[in-house]
Amino acid sequence: MSATEEHELDLLVHRMTWEAEGVLSVELVHPDGKPLPAWTPGAHLDLHVGGTIRQYSLCGDPADTGVYRLGILDAPSSRGGSRFVHTKLRPGRTVRVAGPRNHFALEPAASYVFVAGGIGITPILAMARQAQHDGIPYRLTHGGRSRASMAFGGELAALGGEVTLVPQDEQGHIDLPGALEGLRPDALVYCCGPEPLLKAVEEAVPEGQLRIERFAAPAVERRGDDSAFQVECRTSGVTLTVGPDTSILQAAENAGLSVNSSCRDGICGSCETRILAGTPDHRDFLLSEAERATSETMMICVSRCASDRLVLDL
Ligand code: FES
């Protein structure tokens with residue numbers, strides 16, 4: 001989905017199911033039974049829950065246009081969204097969603113290696129189902145705290161592909177060299193999970209073959225050499241001055257502009273904005289090298305300007 005085509009819908013919670021310890025799947029349907037906007041494996045929805053907006057990967061079947069299914073972990077580190085889902089959201093209630101949005105799309109490849117840690121299995125489940133449907137060979141490794149905490153094991157097994165479950169309390173951490181063994185140059189590796197797993201995979205897989213999705217922004221040192229620049233917001237006719245300690249998003253909000261945002265860390269894509277002129281300094285954790293090179297869009301919560309001025313579709 002492009003930065004400008006955004007669906008916002010109030011959907012009905014149709015069903016909630018325990019998938020594992022601390023993991024609920026939530027099925028959402030249109031209140032009038034209408035088909036839902038299409039999505040592809042790797043996509044997520046923004047859920048407006050508990051006074052906050054959180055991203056959850058779609059883990060159902062894109063061919064079923066009547067329902068969105070999400071897998072949601074009651075994470076101890078939850079900033080409110082997942083807690084709300086687990087304690088307050090119930091079938092029959094309505095929830096506002098935006099998206100679907102996909103920054104983790106399954107690209108064509110001769111084969112896939114999927115590596116998931118914990119709840120990172122949600123986008124990977126939809127990808128494995130797609131690969132199975134398309135007849136593309138894949139190897140999937142899912143690591144989790146314990147067998148009881150690992151969701152969707154039955155569904156993964158039923159797909160019929162090469163699936164390995166690695167409960168940490170029985171087998172320790174994922175054997176990454178084993179999971180990646182024989183990786184062919186025409187294969188792609190998809191990984192979603194906690195930061196240490198992503199880091200290990202980044203070190204083991206050539207950059208061009210790796211696609212990852214993060215739960216949280218990795219720690220980065222503040223550069224300290226940021227300078228002010230101007231942003232012309234072409235749609236609203238406002239020109240912003242973005243100071244060294246301010247983001248474009250903050251400057252836009254301070255000027256009274258209404259801008260989508262959620263994570264404010266460059267990992268969710270909510271604030272993706274079309275660039276009309278100027279050279280961005282991309283600092284997000286979402287856009288691929290190819291997307292950065294075209295510079296069609298940028299994440300205005302973290303990215304800045306490499307020239308004196310940007311013109312944005314704001
Ligand atoms: S608000 Fe999440 S990427 Fe900008």
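We're numbering straight along the sequence, starting at 1. In each ligand, atom 1 is the first atom listed, and ligand 1 is the first ligand listed.
- Close contacts of ligand 1 with Ser262, meaning ligand atoms under 4.0 Å from a residue heavy atom, involve 1 (S).
- Atom 4 (Fe) of ligand 1 has an N, O or S atom of Cys271 inside 2.8 Å of it.
- Counting protein heavy atoms only, atom 3 (S) of ligand 1 is closest to Gly269 N, 3.3 Å.
- In the vicinity of Gly266, heavy-atom distances shorter than 4.0 Å reach the ligand 1 atoms 3 (S).
- For atom 4 (Fe) of ligand 1, the N/O/S atoms of Cys268 include none lying under 2.8 Å.
- Counting heavy atoms of neighbouring residues, nucleotides and ligands inside a 6.0 Å radius, atom CD of Glu207 does not exceed 12 of them.
- Short contacts between ligand 1 and Cys301, defined as distances under 4.0 Å to a heavy atom of the residue, involve ligand atoms 1 (S), 3 (S), 4 (Fe).
- Closest heavy-atom contact between Leu310 and Gly278: CD2-C, 3.8 Å.
- With His142 as reference, Leu165 is the one residue of Thr164, Val166, Leu165 to meet the side-chain contact (heavy atoms from CB on, under 4.5 Å) rule.
- In the vicinity of Arg264, heavy-atom distances shorter than 4.0 Å reach the ligand 1 atoms 1 (S), 2 (Fe).
- Between Phe114 and Tyr190, the ring planes lie tilted relative to each other; the angle falls in the 30° to 60° range.
- At least one side-chain heavy atom of Leu45 sits less than 4.5 Å from a side-chain heavy atom of Pro100.
- The closest donor-acceptor contact from the side chain of Thr65 to the backbone of Pro35 lies at 3.5 Å or more, if one exists at all.
- Judged by the shortest distance from any of its heavy atoms, Ile267 lies inside the 4.0 Å radius around the atoms of ligand 1.
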